[in-house]
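In what follows, a structure is listed as structure tokens, so that the remarks can point back to it.
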Amino acid sequence: MLTLQVLRNDRDALEQALSKRGIDAAPMLNRILALDEERRHTQKEVDDLKAEQNAASREIGELFKSGKKEEAEARRTEMGALKEKIHVLDEHQKTLINQQEDALLELPNRPHDLVPAGQSDADNEVVAEEGTKPELGEHALPHWELADRYKLIDFEAGVKISGAGFPVYRGKGAKLQRALIQFFLDRADAAGYEEFIPPHLVNPDSGRGTGQLPDKEGQMYHCADDDLYLIPTAEVPLTNLYRGDLLKSEELPIQLCGYTPCFRREAGSYGKDVRGLNRLHQFDKVEIVRFEQPENSYAALEGMVEHVRGLLRDLELPVRTLRLCGGDLGFTSALTYDLEVWSAAQERWLEVSSVSNFETYQANRLQCRFRNAEGKPELVHTLNGSALALPRIVAALLENHQGPDGIRIPAALRTYTGFDTIA
RNA sequence: GGAGAGGUGGCCGAGUGGCUUAAGGCGCACGCUUGGAAAGCGUGUAUACUCCAAAAGGGUAUCCGGGGUUCGAAUCCCCGUCUCUCCGCCA
């Protein structure tokens, strides 16, 4: 959620920046600012009346104490009208605050200057590409056929147990999952990210803290009896660890990582996008999260992207880095880099990581602040990135490293898998 | 799931309707003192919103959250929530 301060001080620049998302924010901005003005006016009024009430109550107390009963009673009966006025204005102010809050929640984050204008993923900017696409020849198989041939994943068993999008990993397929998780966690640890194992179900406050609620309510599984949400990413519990906190500046940066399964309803998805491992309701991911001083957050973002690229390099997968355009940028993000790996049999790029700087957008919802050099509380910047999401990595590993004698495990992963080929 | 006890500032803790502008202590910061330190003494020590061109300085709110009673609530009442203790169930 954007701060009111930004709206008040920087309205025109904000409108300009938001236009990169392809939205006309002017009506919303005007509405919020009008509500703000009315709210402040109402507050002044109600605060003055309350001051009057407080003073009068003190006087009445004094009168009772000094035995001037009649005078006190007289003052007391006068207070009724004042009370009623305060009550009415209080209610009005509450309504205004709620309307303002609701409107602010509908406003997405302000895109960074680097964000290119654009409508869809076709307008994303490729900022780097590395690695060579393998030549597989005639007999190359897509990962879902490889998974079946080598008995790595049983999609049909998953359908029986749960439904489409819930794969069952078995044998070397299961071991490969565990190896990748361990590999990613070790590398995050080496890069200074402290490991956490958070809850996989979170309350609505946490959903709101990172912005999943109310924006993406329909994408999360919800346990209605207990009002808990299955996490769509470890970002939610990890970032909420610091909800409501006032940090000391020397505590920053805070670097966290965690492995969790992720649950997504993916309502409305269909076709080749959901074939095999391309899109699932449950998948595994290691997430990295940072809390930063504002002046460091963009350097931190670059560092996170480099960290993820390093993982993909060691998995010997061709990778390209995209800077998302305004139309494709997530609601809460100011700048996002997507990392994609080449899926050699499907002959398409698959998104495996999304690394974002949210600036103060999440921190404002979370009320996560630090004491700046002047000793004043100031909102931190939050960042996170997948490092990494497993399913599409597995898809690319199987497809790109397939050969006549089976699937080759990249050297960096062999100590984790305990085997060097799947045959 | 049942019964009971609780939730007060960064921390501990007093506080049963106005004498609370939340006592007292600890911690922290600054000053005095000192050759230097400690001790001692003194001063200060929240957050949000808001008024004022700004600074200085005001106002309002906040004692887990929400609602209520009252001229006036940390204090009384109701609802919620969390923690602890006991019982039950249980990997």
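All chains are named by letter (A, B, ...) in the order of the sequence lines, taking the proteins before the strands, and each is independently numbered beginning at 1.
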query = Side-chain donor-acceptor pair under 3.5 Å between S343(A) and E399(A), yes or no?
reply = yes

query = Which value, in whole Å, describes the distance between the P atoms of nucleotides C86(B) and A23(B)?
reply = 36 Å

ask   = What distance, rounded to whole Å, do you find between the two C1' atoms, one in G9(B) and one in A74(B)?
value = 13 Å

ask   = Do you know which two heavy atoms are closest between E316(A) and H401(A), and how far apart they sit?
value = O-CE1, 3.2 Å

task = Could you say whether N54(A) or G80(A) is positioned toward the 5' end of RNA chain B, judged by the nucleotide with the nearest heavy atom to each?
result = N54(A)

inquiry  = For S57(A) and E52(A), find the nucleotide of RNA chain B closest to each by heavy atoms; which residue's nucleotide sits nearer the 5' end?
reply    = S57(A)

Interatomic distance at P, U20(B) relative to C11(B), whole Å = 24 Å

inquiry  = When you measure from the centre of the six-membered ring of F419(A), is the NZ or CZ of K172(A) closer than 6.0 Å and no more than 45° off the axis?
reply    = yes

message = Please identify the 5'-most and 3'-most nucleotides of RNA chain B with any atom under 4.0 angstrom from a heavy atom of chain A.
response = G18(B) to G72(B)

Pairs satisfying salt bridge (charged side-chain N to carboxylate O under 4.0 Å, His left out), at least one member in residues 23-40 of chain A, at least two apart = R8(A)-D36(A), D36(A)-R39(A), D36(A)-R40(A)

request  = Pick the P atom in G4(B) and in C79(B), then give their distance to the nearest Å.
outcome  = 13 Å

query = Looking across every strand, which nucleic acid part, if any, lies under 4.0 Å from E73(A) by heavy atom: base, sugar-phosphate, or nothing?
reply = nothing

ask   = Looking only at atom P, what distance separates C82(B) and C89(B), rounded to whole Å?
value = 24 Å

key: I23(A) side chain reached by P108(A) side chain, heavy atoms, under 4.5 Å   = yes

remark   = What one should report as the nearest heavy-atom pair of C257(A) and I288(A) is CB-CG2, 3.9 Å

query = Checking all strands, does A56(A) fall into the base, sugar-phosphate, or nothing category for heavy-atom contacts under 4.0 angstrom?
reply = nothing

